[in-house]
**Student:** 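To start, I am sharing the structure in question, which I have written as C-alpha cells.
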Amino acid sequence: MNDSQKTPGKKQPLTTCLFSAAFFGALGSSFLYGYNLSVVNAPASYIKDFYNKTWMERYGEPISPETSTILWSVTVSIFAIGGLLGTLCVSMIIKVTGRKGTLLLNNCFAVIAALLLSLGEISRSFEMLIIGRIVMGVNSGISLSVLPMYLGEISPKHIRGSIGQFNSILICLGVFTGQVLGLPELLGQESKWNYLFSFVALPAVLQLCVLPFLPESPRYLLMEKKDEAGAERAFQKFLGKTDVSQELEEVHAEARAQDNLNTVSVLQLLRSPAVRWQLITIIITMACYQLCGLNAIWYYTNGILREAGFAEHLLPYFTLSTGATETLAAIFSGLVIERIGRRPLLIFGFSSMAVFFSLLTIFLNFQDSVLWMPYLSYSCILAVIAGFCSGPGGIPFILTGELFEQSYRPAAFMIAGTVNWLSNFAVGLLFPFIQEKLQSFAFLVFVVVCILGSIYLCVVLPETKNKTFMDISQSFAKINKMPELSPGQEMELVLSMKPENEKAPDIKKTESSF
C-alpha cells in the first residue's frame, strides 16, 4: 500500500480515468450544446435564402417577409423547446439506463439531428432543419441534466468543483468552435454551410468510442443498484487506488442518513421541507443564469462593432474574441474554484456583470457623440462575458448536484433544467420587445437581476467546496428548520454501516473521502 492510501488526509491526484470521463463526457454533451448555440449565426443568410428557394419551388412565389421571419425564428427558438422536452425525459431515462448509459443513449439524438440538419438542403426540406434543431435541443436538455450529475458523483470532494467545470469549459469551447468553423474561409460559405451541421456527429461518435470503457457512477451503482462490487471497482478506477473502503463507507453513511433511498418524484421534492431552501436556491440561481443578460449581449455585439467603424467583413473575426474570452474565463474558473470556492465566484460573477452592464448603458448613450466610446462599450461586453463565465456560467450546474442527496438529485436536475430552458425561451422572446421600448437602457433590467441574485446568494448560500454531500445537506438544516445531526450521531451512522469484522479506529477514514 502506498503512502496516499495510508494517509487519510492526503488528497488523491487526478487520474487518467477520471479526466477521460470528464472530458469525453463533456465533449459529447455540453460541447454540442455550446456549438449549437453559435453554429446558426454564420450561415443565417444562406439558410434564409434556402428557405426562400424551397418556398418558390413548392408554391411558385417568393416567401413573404413575415413568413420568412417566422420560419427563421422558429428554427432558432425551437432549440430551447427541445431542451425543455429533453429535461422532462431525464428522470424516466436515467432510472432505466443510469448516468453513463443515458449519456451514451443521448448520442443517438445527436446523430439523428446531424443527419436531419445536414441533409435538409439536399432534400429541399426546411422542415428537416426545424425538426433537426428540436432533436438537437432534446440532446442538449438531457446533457445539461445528466452530465453534471455524473461528474459530481464520480469526483472526489477536493476536486469536485474543478471536474464539474468541464461542463462549462466545453460549452464555451463549443461556442468558440462554432464561431471558428463559421468563418468564410472555412465552412461559412453558401456551398458548405450544411457541413457545419454534419460536424455535430463527430463529438458524439468520439464519446461513443470512449465512454463505454469507463465506469458508471459508483454512487448510482451502490445506492440505487445495490451493486457494491461494481461500485468498488468504479471507485478504484476513478481514484487510481485499491483501498476504497473510505469512499464506500461514506456512501453507506449517506444512504443510512436519507429517509428514503428510492428516487423521489418532482412532486415529492417540491413538497419536502427537508430540501426546501436548496430547491429555492437552485431555482433562483438557474433563473439568474439565463436572465442575467448574457444571451442579450450576443444581440448587441455586432451592432456595437459596426458603430465602432469596423468593416462588415471583419465582424466574424472580432466576434471570435467573445468566444475566446468565454473559454479562457471558464478555464480560469475551473483552476481556482477549489481555492476560492463556489459562493465567492458566483457572487463576484453576478456583481461584476451588474457593474459592467451599468457602464455599458452609460457608454451606449454617449456612443454617437464620442468617437472612441464604442471601444469602451465593446470592452464592457468582453468584461460581462468574462464575469459570467468566471462563476455563473458553470457553477449553477455544479450546485444542483451538490445541494441534493442521491434520492433527490434526478428530480432536482429536472426542475433546474426546466427553469433553465423556460428562462432561456423567455429571454429570446421578450428581450427584443424590452430593447425596443428601453433602447440602450434595456441592460438595466439585467443589472437588477444580477444585483438581486448576488444579494440572495450572499445571504442564503453556504460554501460547498471540499464538503461531503451529507455535510452540505446539514448546512441547510437550520434554515429548513430540520434537526441537525450531532457529531456523535454522524459517527453512529458510520458505525452502523461498518462490517462487524472491522475495527473501530478505522472509522476515521470516513472523514477524508468523497
Side-chain angles (χ1 to χ4, degrees), residues 14 19 22-27 29-39 41-42 144 147-148 151 159-183 186 203 289-290 292-298 300-302 304-305 308 310 314-342 344-357 359-360 375-398 446 450 465:
L14 176 64
F19 176 84
F23 178 78
F24 285 100
L27 181 66
S29 303
S30 49
F31 176 88
L32 288 180
Y33 167 69
Y35 182 79
N36 280 279
L37 287 179
S38 65
V39 72
N41 295 330
L144 293 186
L147 179 68
L151 296 183
I159 56 172
R160 191 169 59 226
S162 297
I163 293 297
Q165 280 295 75
F166 271 80
N167 181 49
S168 176
I169 293 170
L170 268 292
I171 288 175
C172 297
L173 189 59
V175 170
F176 185 62
T177 302
Q179 293 172 340
V180 171
L181 293 181
L183 291 174
L186 297 176
Y289 167 77
Q290 287 292 350
C292 67
L294 190 77
N295 290 339
I297 278 291
W298 306 122
Y300 239 93
T301 301
N302 283 351
I304 292 173
L305 288 172
F310 296 112
L314 294 177
L315 296 186
Y317 305 96
F318 282 97
T319 302
L320 288 179
S321 64
T322 61
T325 300
E326 268 196 308
T327 306
L328 292 174
I331 292 172
F332 169 78
S333 178
L335 293 173
V336 303
I337 189 172
E338 297 301 348
R339 296 181 182 179
I340 298 177
R342 286 72 154 150
L345 283 175
L346 270 176
I347 295 171
F348 166 78
F350 283 127
S351 301
S352 64
M353 289 180 74
V355 170
F356 287 110
F357 269 134
L359 291 174
L360 179 59
Y375 295 93
L376 291 180
S377 299
Y378 186 61
S379 298
C380 283
I381 286 177
L382 294 181
V384 166
I385 293 171
F388 176 82
C389 293
S390 65
I395 294 177
F397 297 98
I398 297 173
F446 305 123
C450 291
K465 72 169 184 176

**Student:** Can you find a pair of side-chain heavy atoms, one from Leu320 and one from Leu183, that are under 4.5 Å apart?
**Tutor:** yes
**Student:** For Ser168 versus Ala330, what's the shortest heavy-atom pair and its separation?
**Tutor:** OG-CB, 3.8 Å
**Student:** How long is the straight-line distance from CZ of Phe350 back to CZ of Phe357, given to the nearest 0.5 Å?
**Tutor:** 11.0 Å
**Student:** Does a side chain donor of either Gln165 or Ser333 reach within less than 3.5 Å of an acceptor in the other side chain?
**Tutor:** yes
**Student:** Within a strict 4.5 Å, meaning less than it, do heavy atoms of the Pro203 and Tyr35 side chains meet?
**Tutor:** no
**Student:** How close do Gly391 and Pro396 get, heavy atom to heavy atom, and via which atoms?
**Tutor:** O-CD, 4.0 Å
**Student:** Quick one: does Leu359's side chain get under 4.5 Å of Phe356's, heavy atoms only?
**Tutor:** yes
**Student:** Work out which heavy atom in Pro148 is nearest to a heavy atom in Asn167; give both atom names and the distance.
**Tutor:** CG-ND2, 4.1 Å
**Student:** Are Gln179 and Thr322 packed together at the side-chain level, in the sense that at least one heavy-atom pair is separated by less than 4.5 angstrom?
**Tutor:** yes
**Student:** Do Tyr289 and Phe388 pass the ring-ring contact (aromatic ring centres under 6.0 Å, His included) test, and can you show the C-alpha distance, the side-chain angles, and the key distance before you say yes or no?
**Tutor:** CA-CA 8 Å; Tyr289 167 77; Phe388 176 82; 5.5 Å; yes
**Student:** Could you pull out the closest heavy-atom pair between Pro392 and Gly349, with the gap in Å?
**Tutor:** CD-CA, 3.7 Å
**Student:** Carefully, step by step, assess Glu326 and Leu294 under the rule side chain to side chain contact (heavy atoms under 4.5 Å, CB included).
**Tutor:** CA-CA 11 Å; Glu326 268 196 308; Leu294 190 77; 4.1 Å; yes
**Student:** Please round to the nearest 0.5 Å and tell me the distance separating atom CD1 of Ile340 and atom CZ of Phe348.
**Tutor:** 8.5 Å
**Student:** Going through the distances and angles, do Ser351 and Cys450 end up as a side chain to side chain contact (heavy atoms under 4.5 Å, CB included)?
**Tutor:** CA-CA 6 Å; Ser351 301; Cys450 291; over 6 Å; no
**Student:** Any non-hydrogen side-chain atom of Leu144 less than 4.5 Å from a side-chain atom of Ile171?
**Tutor:** yes
**Student:** To the closest 0.5 Å, what do you measure between CG (Leu382) and OG1 (Thr325)?
**Tutor:** 4.5 Å
**Student:** When you compare the side chain of Ile163 with that of Ile398, does any pair of heavy atoms fall below 4.5 Å?
**Tutor:** no
**Student:** Rounded to the nearest 0.5 Å, what separates atom OH in Tyr378 from atom CD1 in Ile381?
**Tutor:** 7.5 Å
**Student:** Report the C-alpha separation of Phe397 and Leu151 in whole Å, then their side-chain angles, then the decisive distance to 0.1 Å, and conclude whether the side chain to side chain contact (heavy atoms under 4.5 Å, CB included) test is met.
**Tutor:** CA-CA 10 Å; Phe397 297 98; Leu151 296 183; over 6 Å; no
**Student:** Nearest 0.5 angstrom please: Ser30 OG to Leu170 CG, how far?
**Tutor:** 4.5 Å
**Student:** Find the distance between CD1 (Ile395) and CG (Leu345) and round it off to the nearest 0.5 Å.
**Tutor:** 4.5 Å
**Student:** If you compare all heavy atoms of Leu147 against all heavy atoms of Ala26, which two are closest, and at what distance to 0.1 Å?
**Tutor:** CD2-CA, 3.6 Å
**Student:** Could you tell me whether the side chain of Glu338 and the main chain of Ser162 form a donor-acceptor pair under 3.5 Å?
**Tutor:** yes
**Student:** Can any side-chain N or O of Lys465 pair as donor or acceptor with the backbone N or O of Arg339 at less than 3.5 Å?
**Tutor:** yes
**Student:** Between Phe166 and Phe19, how do the two ring planes meet: parallel, tilted or perpendicular, split at 30° and 60°?
**Tutor:** perpendicular
